Protein chains: 2
Amino acid sequence: MATPLSPTTKGAKARTNWVTMEDVAIRAQVSKITVSRVLRAPEKVRAETRERVLAAVRDLGYVPDDAAGALTTRSSKIVAALISTLEGSTFASTVDGLSRNLRAAGYQLLLATTDYSPEREAEILSMLLRQRPDGLVMTSSHHTADALALLKRAQIPVVELWELPPKPIDSSVGFSNFGAGKAMTGFLLDRGYRRPAFIGPRAGIDGRVKSRSEGYAAVVSERAAFPPRIITAPEAVTSLTDGGASGLVTALERWPDTDCVFCSSDSVALGAISEARRRNLRVPEDIAVAGYGDFDLAGNSGLELTTVRIAGTEIGERAAELILQRMQGERPQHKSIDVGFEVVPRASA
Amino acid sequence: MATPLSPTTKGAKARTNWVTMEDVAIRAQVSKITVSRVLRAPEKVRAETRERVLAAVRDLGYVPDDAAGALTTRSSKIVAALISTLEGSTFASTVDGLSRNLRAAGYQLLLATTDYSPEREAEILSMLLRQRPDGLVMTSSHHTADALALLKRAQIPVVELWELPPKPIDSSVGFSNFGAGKAMTGFLLDRGYRRPAFIGPRAGIDGRVKSRSEGYAAVVSERAAFPPRIITAPEAVTSLTDGGASGLVTALERWPDTDCVFCSSDSVALGAISEARRRNLRVPEDIAVAGYGDFDLAGNSGLELTTVRIAGTEIGERAAELILQRMQGERPQHKSIDVGFEVVPRASA
DNA sequence: TTGAAAGCGATACCAA
DNA sequence: TTGGTATCGCTTTCAA
């Protein structure tokens, strides 16, 4: 035994199987830096040399180590995303649009969910920051002081999604939840409903829901002759659909003349419709139901849910564009992008 | 002006605002390596020193650079996930469970979606690998030769999700799609339906659907007196629900005695139910409909969809456990974990 | 057009 | 219990 190791120029001590740039360099008979150039600025290398290097890259199956490169370039090619939740598919399309557009520019998405908790968000943030992301997107606009301090020190572009905070940390892509609440409520009144109530999930879970309910309240206060009727599901109710069912019950008990409910999401609305059917109430004749989100199924399955449509994918795509510009040091024209929303009238209200 | 920079020991040349380990060391009057120890093996440092270092860490708001550390430890603390799609919320809970459990162990999730395309998967894989993930999970089991070669060279633990491939790359967490197709079909025949058809999305999009349809076909061949009836949505139809609607139409045209359709997903089933209602067919009396997935809404909204439930979150959680074990060099007892499935009988079939 | 040397921020290994 | 030194894989800077 004791076969002498072939003196592959000090390459002998590597214990991983990753091919390094040095390996490529040796095979192509050039220096490391030339390999680097071929990969990042091919025009700076003579065609002949370049071909030799590319051949070596192929032969060896070389995959560059971005993390190592990041050490000198100070750019990890990673964008971190803090998403409130992946369930209910609210943000799924946003994440999709985001990752798609980022990847097209060579960036990867580091994803984490916060379950709507600012404390968890802060904690997760500090973990994500250890990877030195070049940028950050988040779907919440309510942050702890710790989180804000971390973000400040990180000095990376931050984009807040799905709202347009009055005082954004940095920039934002979203729409006015307050405006959307107003629009739908106005639409319902225009349709002739007299006593709309608002049904939301457990209290304070989400600032966006609050904004929508405020939009509702604003319109009711202005145009209707009764105080706003806002129902919040009890803490015990966890599922959104269950919350919608119980919300409807509560609304009808408390205000028997309720003729219409505006739900904080389509899932909640489905719960309400389900409960209405259970009670043999006709929708919308006996009780009208409006949702929020325009999820896949809202328009189908005989549901015909009147709702508000948000361009989730577009939010992700625009956020990617914005953050890419910022990461490349450009100063984008707009720090806030309003993608709007749309009231979608269907049969349920 | 021209205030002389305080000679913070060569720290003067840094152009980022990140606090480095060296900065902490200086402030705590120790060497870098001691700071490193305090952070990773506190018991090896005298309590007094440790306190001084921790104070410095806090004061400076130091956040370690894992990417730099990865260079020597050869562990990036990153796990990459290749997900077929985030839409339809099929995999959302899996991603959630995965990222939650990984994070608890200090790992982050690098996420990308492949849109069910093996070619795209291979391409994305090579990009993800540049970040040197410590492990990889993927929801597809159909890979290109390039992808397999990359995976092989990467030499990291790989977990395939949502199926139990006969020949896994490495390990897997899922269940038998074939078995699930068989189980639901058997259930439908037991319920007394005589002529069940299978409705899937556009051809070949997903190996799992194929397995389910094969399970269906196996049972029909064995127990029924007619050849399997399998409908595939035309390429033109993109939405799953639309596919369900058109699938129902096709089935009834081609085989008017069809009394039951087993759909490849709940979304498809909703489309079918929707179409049935449009045609004034009663569900399940005139036509029964079964789905697959047990999405949030399946049990609600008067839908009462009979379906197959998959423990999506559990798949993610178990996958995290498995990959964590493998990354720590343990050899887990099981390379494949079967989380099973469950036929959920409701009113639609 | 190409290369040599010096880091980037952290950890491993061996000393003190 | 603590520290010095040599890397990790890559890019930058400066020369040739």
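Atoms considered below: every heavy atom in the structure, side chains included; atoms not considered: hydrogens, waters and symmetry mates. Just so we're on the same page: letters track the sequence lines, and every chain starts at 1. None of these values were measured; they are calculated from a predicted model.
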From [options], pick the nucleotide closest to the side chain of [X]?
X	options	result
A:Ala68	D:dC10, C:dC8, C:dA10	D:dC10
A:Thr34	C:dT2, D:dT2, D:dC10	C:dT2
A:Ile33	C:dC13, D:dT12, D:dC10	D:dT12

Between A:Thr94 and A:Ile315, is there a donor-acceptor pair closer than 3.5 Å when you use the side chain of the first and the backbone of the second? no
On the nucleotide [N], are OP1 or OP2 found under 4.0 Å from the side-chain N or O atoms that [X] carries?
X	N	answer
A:Ser31	C:dG3	yes
B:Tyr62	C:dG9	no
A:Thr20	D:dG9	no
A:Ser36	D:dT11	yes

Stretch residues 38-51 of chain A: residues that reach within less than 4.0 Å of DNA chain C through a heavy atom: A:Val45, A:Arg46, A:Thr49
Of A:Gly69 and B:Val30, whose nearest nucleotide on DNA chain D comes first from the 5' end?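 Its nucleotide being nearer the 5' end, the pick is B:Val30.
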Which pair of heavy atoms, one from A:Ser84 and one from A:Thr114, lies closest together, and at what distance?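 Closest approach of A:Ser84 to A:Thr114: CA-OG1, 3.4 Å.
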Rounded off to whole Å, could you give me the CD1-to-C1' distance for the A:Ile26 and C:dG3 pair? 15 Å
What is the distance, rounded to the nearest whole Å, between atom CE of B:Met21 and atom C1' of C:dA12?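 For the pair B:Met21 CE and C:dA12 C1', the rounded distance is 13 Å.
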If you count the non-hydrogen atoms of other residues, nucleotides and ligands that lie under 6.0 Å from CD in B:Gln328, is the total more than 12?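 Count over threshold, so yes.
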Any N/O donor-acceptor pair, A:Arg37 side-chain to C:dG3 base, under 3.5 Å: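 Present.
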